[in-house]
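Report on the following structure.
Starting from 1, each residue takes its place in the sequence as its number. Everything numeric in this text was worked out from a predicted model, so none of it was measured.
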Amino acid sequence: VSVRNPVTKNTFFQSCRVSPESVTRAEIMEFDFKGNVLSGDLRRSYQETNCHSVIYKARADVNAIVHCHCDDFVPFVCSGLPMRPVIHEGSIFYDGIKTMERLPGCEGCTIRPEEYDAMLDALGNRRAFFIRNHGAMLVSESTVNLVATSVYLRKNALALYKIILM
């Protein structure tokens with residue numbers, strides 16, 4: 001999870017690479033939009049930090065980002081089945097969720113710099129995108145709405161999966 005700096009707007013905060021449930025204020029790092037550490041804990045950052053940098057630079061409306069590997073998304077992340085709204089909460093995804101296809105040789109965990117254009121294309125002006133055979137990234141205008149977006153995507157994925165099984 002990362003959050004845009006509400007004062008400067010041109011930096012963001014993210015914890016160093018520790019278990020999310022154990023993060024303390026002392027472990028928060030500040031980054032610029034090139035992924036450089038400006039302040040805070042200097043331990044190793046997440047590999048996805050540069051993806052957050054690229055998204056914040058491209059989308060001024062985004063103030064919070066989460067990269068996740070939710071098991072409930074896996075059928076859609078891996079199969080190419082389109083995610084569509086099927087419950088009320090899912091209506092926030094009315095414009096769909098694209099899946100970012102990985103470049104040959106880049107199928108590993110981390111999105112590489114040569115894939116950033118494809119990442120931004122998959123996100124577009126939407127709230128989320130899937131990363132083929134990996135996970136998802138969700139964005140929002142606030143941390144509160146990011147949590148709601150994450151919960152609603154999970155609920156919609158579960159409902160759609162059950163419908164497909166019928």
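With rounding to the nearest 0.5 Å, the separation of OG1 in T149 from CG in N145 is 6.0 Å. With rounding to the nearest 0.5 angstrom, the CZ atom of F73 is 12.5 Å from the SG atom of C78. With rounding to the nearest 0.5 angstrom, the CG atom of L123 is 7.0 Å from the CG atom of L120. Note: K162 NZ to I87 CD1 = 10.0 Å, rounded to the nearest 0.5 Å. Here the CG-CZ distance, from L138 to R126, works out to 12.5 Å after rounding to the nearest 0.5 Å. Expressed to the nearest 0.5 Å, how far OG of S140 lies from CD1 of I92 amounts to 7.5 Å.
One hydrophobic cluster, built from ILVMFWY side chains closer than 4.5 Å, cannot hold both M83 and M100; they sit in different ones. Both V54 and M29 sit in one connected hydrophobic cluster of ILVMFWY residues. Membership requires side-chain heavy atoms under 4.5 Å apart, directly or through other members. Residue V151 is grouped with residue V77 when hydrophobic side chains (ILVMFWY) are merged at heavy-atom distances under 4.5 angstrom, including chains of intermediate members. F93 and I163 end up in the same hydrophobic cluster when Ile, Leu, Val, Met, Phe, Trp and Tyr side chains are linked at under 4.5 Å.
When all heavy atoms are compared, the tightest approach of P85 to G90 is CB-O, 3.2 Å. Minimum heavy-atom separation, R84 to L160: N-CD2, 3.7 Å. Minimum heavy-atom separation, V66 to S150: CG1-OG, 3.8 Å. In this structure, Y116 and N50 approach most closely via the heavy-atom pair OH-CB, 3.1 Å. Between A136 and F130 the shortest heavy-atom distance is CB-CD2, 3.7 Å. Contact record, V23 with I28: CG1-CD1, 3.8 Å, taken as the closest heavy-atom pair.
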Please walk me through it: do N156 and V86 pass side-chain contact (heavy atoms from CB on, under 4.5 Å)? CA-CA 6 Å; N156 193 81; V86 294; 3.6 Å; yes
Step by step, work out the side-chain contact (heavy atoms from CB on, under 4.5 Å) result for V139 and I55. CA-CA 9 Å; V139 303; I55 292 170; 4.0 Å; yes
Verdict with reasoning, M137 to I65, per side-chain contact (heavy atoms from CB on, under 4.5 Å): CA-CA 7 Å; M137 290 190 81; I65 301 172; 3.7 Å; yes
Test N63 against S142 for side-chain contact (heavy atoms from CB on, under 4.5 Å), laying out the working first. CA-CA 5 Å; N63 291 310; S142 71; 5.8 Å; no
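Salt bridge absent: K155 and D72 never bring a charged side-chain N and a carboxylate O closer than 4.0 Å. A salt bridge does not link K34 to D32: none of the charged side-chain nitrogens sits closer than 4.0 Å to a carboxylate oxygen.
Surrounding CG of D61 are more than 12 heavy atoms belonging to other residues, nucleotides or ligands, all under 6.0 Å away. Heavy atoms of other residues, nucleotides or ligands lying less than 6.0 angstrom from CZ of F33 number more than 12. No more than 12 heavy atoms of other residues, nucleotides or ligands lie within 6.0 Å of OH in Y152, so this atom counts as exposed by the packing criterion.
Here the side chains of R127 and L146 are not in contact, with every heavy-atom distance at 4.5 Å or above. K57 is not listed as a side-chain neighbour of R59, based on a closest heavy-atom distance of 4.5 Å or more. L153 places a side-chain heavy atom less than 4.5 Å from the side chain of I97.
Between R4 and the choices H52, K9, E141, the side-chain contact (heavy atoms from CB on, under 4.5 Å) rule is met once, by K9.
At a cut-off of 3.5 Å, with distance as the only test, a side-chain donor of N5 or E30 sits close to an acceptor on the other residue. No donor-acceptor contact under 3.5 angstrom links the side chains of S15 and E27, judged on distance only.
Partners of F12 by ring-ring contact (aromatic ring centres under 6.0 Å, His included), not counting sequence neighbours, listed by chain and number: F31, Y56.
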